[in-house]
Q: 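Here's a structure for you.
Counting begins at 1 with the first residue of the sequence.
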Amino acid sequence: MKNCIITGADSGIGYQAARQIAAKGYHVTLICRNEERAARAASSISEETGNQQVGYLLADLSSMAGVRRVAARYLSLHKELHVLINNAADFDLSVKKPAITDEGMEKQFATNVAAPYLISILMEDALRRSGRGRIINISSQGLCVYPFIKLDIHNLDGRKHYRPASTYYQNKLALLMASLYMREHMEGVRIQAVRVTNVKVDLSRYDRLPAIMKKAYAIKSKFSISPEAMARIYTVLATENGYTGFLYNEKGREVRANRSAYDKEMQKRLIEILKERTTEKLRERRE
Ligand SMILES: NC(=O)c1ccc[n+]([C@@H]2O[C@H](COP(=O)([O-])OP(=O)(O)OC[C@H]3O[C@@H](n4cnc5c(N)ncnc54)[C@H](OP(=O)(O)O)[C@@H]3O)[C@@H](O)[C@H]2O)c1
């Protein structure tokens, strides 16, 4: 039985991908932060697919200590990992200023970039042990609206200026850049990304938003595809062979990332920052 981890799999696209991959007979571990939702998701996936090998582990992915703990727990249970899907993301338009975690990191950057990077590094050996393990990182079609976007390396934590949407797109660009870097340097592991299009969201999850934004989401959802349809490309990359490119859209076609994502010098600088910010040493120094 092959093993798969999906983060943020208690709702939306992550949930549907977990269901589809479980239906293909994989042992699936959902990594979620809320126990009730995680347990409900795991049991309904098992019930629907008949696959009893669906479980969950808890972690708040904005905490690097949390990422380390969940990785250690997973590795105490499994020697090999075939697929890691870094799906969870923090995108809350109601946030007005950067939220700084106990570890001193901006929460969106921590969840959307540092956590996928750190868990990938922690799982590297288990991925390699499974043969050519796969990492799938999740990007956004919204980046196409900013074809000339560049990584603002001096404002990764939003302290110079902050808007949740622009920080999110900076995060998604950074994740693509880190993925491209790892794709080149992490031997024995296949690293790819999915460009998620406009996908229907569960509006009940957006209670905090002002009425006007809720209305905008309701209009947006009229033009969106279902999480189930979007999850199909996660599933294809996770379970099938023959997709050897880097970034895929919802139709399973390979697409180019933003031009600046391929800047190797910038990728290297980003990785140096990620390495520094996700090490235990730094955390201890802060404490
Ligand atoms: N929907 C779209 O139109 C769209 C467009 C472009 C890209 N995307 C990307 O597609 C992916 C899935 O999005 P979705 O639409 O399916 O969103 P979603 O339903 O809101 O799912 C996001 C998941 O991430 C989890 N999460 C957020 N912060 C977390 C944290 N600190 N620790 C642990 N889990 C955390 C959430 O957990 P909780 O349930 O606990 O909140 C939830 O399970 C994301 O990477 C998103 O950026 C979506």
Side-chain angles (χ1 to χ4, degrees), residues 1-22 24 26-46 49 51-91 101 103 105 107-127 130 133-139 171 175 178-179 182 189 191-194 196 202 205 227 231 234-235 237-239 274 278:
M1 200 170 210
K2 290 185 173 177
N3 300 330
C4 173
I5 289 179
I6 309 186
T7 67
D10 58 29
S11 71
I13 311 163
Y15 173 83
Q16 294 297 337
R19 194 178 57 76
Q20 292 170 13
I21 294 167
K24 287 186 177 278
Y26 280 60
H27 181 291
V28 179
T29 303
L30 323 178
I31 294 187
C32 305
R33 61 182 161 179
N34 178 293
E35 176 140 36
E36 201 187 321
R37 281 201 294 274
R40 202 182 318 130
S43 79
S44 87
I45 292 172
S46 283
T49 60
N51 181 345
Q52 296 312 308
Q53 302 302 314
V54 180
Y56 64 86
L57 292 173
L58 294 175
D60 179 343
L61 298 169
S62 68
S63 154
M64 296 308 110
V67 173
R68 283 181 185 280
R69 268 195 303 275
V70 80
R73 177 84 185 116
Y74 185 85
L75 293 171
S76 73
L77 301 170
H78 305 275
K79 291 264 168 297
E80 294 182 353
L81 176 62
H82 298 81
V83 184
L84 165 64
I85 305 182
N86 287 307
N87 167 73
D90 183 332
F91 181 50
T101 68
E103 294 166 334
M105 216 186 282
K107 190 165 150 278
Q108 259 183 285
F109 179 78
T111 312
N112 300 347
V113 191
Y117 169 76
L118 180 58
I119 198 167
S120 301
I121 300 299
L122 296 170
M123 291 297 164
E124 186 177 349
D125 288 343
L127 284 160
S130 72
R134 303 172 183 193
I135 298 175
I136 300 165
N137 287 329
I138 306 306
S139 186
N171 292 167
L175 184 58
S179 308
M182 288 192 282
V189 181
I191 296 156
Q192 294 175 302
V194 174
V196 170
D202 174 358
R205 291 173 58 81
Y234 286 32
T235 306
L237 294 185
T239 64
L274 283 167
T278 57

Q: With heavy-atom distances below 4.5 Å as the criterion, would you say the side chains of Ile119 and Leu84 are in contact?
A: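 They are in contact (side-chain heavy atoms under 4.5 Å apart), so the answer is yes.
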
Q: Any heavy-atom pair between the side chains of Asn112 and Leu175 that's under 4.5 Å?
A: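 A side-chain contact is absent here, since even the closest heavy-atom pair is not under 4.5 Å.
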
Q: Within this structure, what is the CD1-OH distance for the pair Ile135 and Tyr117, rounded to the nearest 0.5 Å?
A: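 Reported value, rounded in 0.5 Å steps: 11.0 Å.
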
Q: Please determine whether side-chain contact (heavy atoms from CB on, under 4.5 Å) holds for the pair Phe109 and Leu274, giving the CA-CA distance in whole Å, both sets of side-chain angles, and the decisive distance to 0.1 Å.
A: CA-CA 10 Å; Phe109 179 78; Leu274 283 167; 3.8 Å; yes

Q: Compute the centroid of each ring, for His82 and then for His27, and state whether the two points are separated by less than 6.0 Å.
A: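 No.
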
Q: Calculate, to the nearest 0.5 Å, the distance between atoms CZ and CD1 belonging to Arg73 and Ile31 respectively.
A: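 That separation rounds to 12.0 Å.
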
Q: Tyr234 and Asn87: side-chain donor and acceptor closer than 3.5 Å?
A: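 The criterion, which ignores hydrogens and geometry beyond distance, is satisfied for Asn87 and Tyr234.
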
Q: Below 4.5 Å, heavy atoms only, C-beta onward: do Glu103 and Ser63 meet side chain to side chain?
A: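 In contact.
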
Q: Between the side chain of Glu35 and the main-chain N/O of Leu58, is any donor-acceptor distance below 3.5 Å?
A: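 No: the side chain of Glu35 does not pair with the backbone of Leu58.
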
Q: Is there a side-chain contact between Val189 and Arg134 in this structure, where contact means two heavy atoms from C-beta onward sitting under 4.5 Å apart?
A: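 Of all side-chain heavy-atom pairs linking Arg134 with Val189, none is under 4.5 Å.
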
Q: Does a side chain donor of either Asn86 or Thr7 reach within less than 3.5 Å of an acceptor in the other side chain?
A: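 No.
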
Q: Using every non-hydrogen atom in the two residues, find where Arg37 and Asn34 come nearest and quote the distance to one decimal.
A: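 Smallest interatomic distance, heavy atoms only, reads N-OD1, 2.9 Å.
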
Q: Could you check Arg205 against Ser11 for side-chain contact (heavy atoms from CB on, under 4.5 Å), going step by step and ending with a plain yes or no?
A: CA-CA 10 Å; Arg205 291 173 58 81; Ser11 71; 3.5 Å; yes

Q: Return the minimal non-hydrogen interatomic distance between Asn137 and Pro116, and the atom names on each side.
A: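 Shortest heavy-atom separation between Asn137 and Pro116 comes out as OD1-CB, 4.2 Å.
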
Q: Go through the steps to decide whether Asp10 and Leu30 satisfy the test side-chain contact (heavy atoms from CB on, under 4.5 Å), and finish with yes or no.
A: CA-CA 7 Å; Asp10 58 29; Leu30 323 178; 5.8 Å; no

Q: Check Ala17 against Ile6 and note the closest heavy-atom contact, atom names and distance.
A: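 Heavy atoms only, the tightest pair is C-CD1, 3.8 Å.
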
Q: If you define the side chain from C-beta out and look only at heavy atoms, does anything of Thr29 sit under 4.5 Å from Tyr74?
A: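 Yes, side chains in contact.
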
Q: Please confirm whether the backbone N or O of Ala22 pairs with a side-chain atom of Asn51, one donor and one acceptor, at under 3.5 Å?
A: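 At least one qualifying donor-acceptor pair exists.
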
Q: Atom CE of Met105 and atom OG1 of Thr111: how far apart are they, to the nearest 0.5 Å?
A: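 Reported to 0.5 Å precision, the distance equals 9.5 Å.
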
Q: Distance check, rounded to the nearest 0.5 Å: Met182 atom CE versus Ser120 atom OG?
A: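 OG of Ser120 is found 4.5 Å from CE of Met182.
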
Q: Test Ile5 against Ile85 for side-chain contact (heavy atoms from CB on, under 4.5 Å), laying out the working first.
A: CA-CA 6 Å; Ile5 289 179; Ile85 305 182; over 6 Å; no

Q: Working note: Asp90 + Lys107, criterion salt bridge (charged side-chain N to carboxylate O under 4.0 Å, His left out); need CA distance, chi angles, decisive distance, verdict.
A: CA-CA 8 Å; Asp90 183 332; Lys107 190 165 150 278; 3.0 Å; yes

Q: Scan Lys24, Gln20, Arg19 and name whichever one has a side chain to side chain donor-acceptor pair (under 3.5 Å) with Thr235.
A: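 Only match with Thr235 under side chain to side chain donor-acceptor pair (under 3.5 Å): Gln20.
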
Q: Decide yes or no for Val196 and Ile13: does some side-chain heavy atom of the first lie under 4.5 Å from some side-chain heavy atom of the second?
A: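 A side-chain contact exists here, since the closest heavy-atom pair is under 4.5 Å.
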
Q: How many angstroms lie between CG in Leu57 and SG in Cys32, if you round to the nearest 0.5 Å?
A: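 One gets 9.5 Å once the value is rounded to the nearest 0.5 Å.
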
Q: Determine the minimum heavy-atom distance between Ala193 and Leu237, stating which atoms define it.
A: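 Looks like O-CD1, 4.1 Å.
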
Q: Does either side chain, that of Ser130 or that of Glu80, offer a donor lying less than 3.5 Å from an acceptor on the other one?
A: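 No, Glu80 and Ser130 have no side-chain donor paired with an acceptor closer than 3.5 Å.
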
Q: If I compare all heavy atoms of Tyr56 with all of Ala39, which pair ends up nearest, and what's the gap?
A: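 In this case the closest contact between Tyr56 and Ala39 is CE2-CA, 3.5 Å.
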
Q: Looking only at heavy atoms, which two atoms of Ile191 and Ser179 are closest? And how far apart?
A: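 Shortest heavy-atom separation between Ile191 and Ser179 comes out as CG2-O, 3.6 Å.
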
Q: Any heavy-atom pair between the side chains of Ile136 and Val194 that's under 4.5 Å?
A: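 Yes - at least one pair of side-chain heavy atoms lies under 4.5 Å apart.
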
Q: If I take atom OG from residue Ser43 and atom CD from residue Gln52, how far apart are they, to the nearest 0.5 angstrom?
A: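 CD of Gln52 is found 10.0 Å from OG of Ser43.
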
Q: Does some side-chain heavy atom of Asn3 sit less than 4.5 Å from a side-chain heavy atom of Val83?
A: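 In short, these two side chains do not touch, never coming nearer than 4.5 Å.
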
Q: Does any N or O in the side chain of Arg68 come within less than 3.5 Å of the main-chain N or O of Thr278, such that one atom is a donor and the other an acceptor?
A: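 Yes; judged by distance alone, with no hydrogens or angles, the pair exists.
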
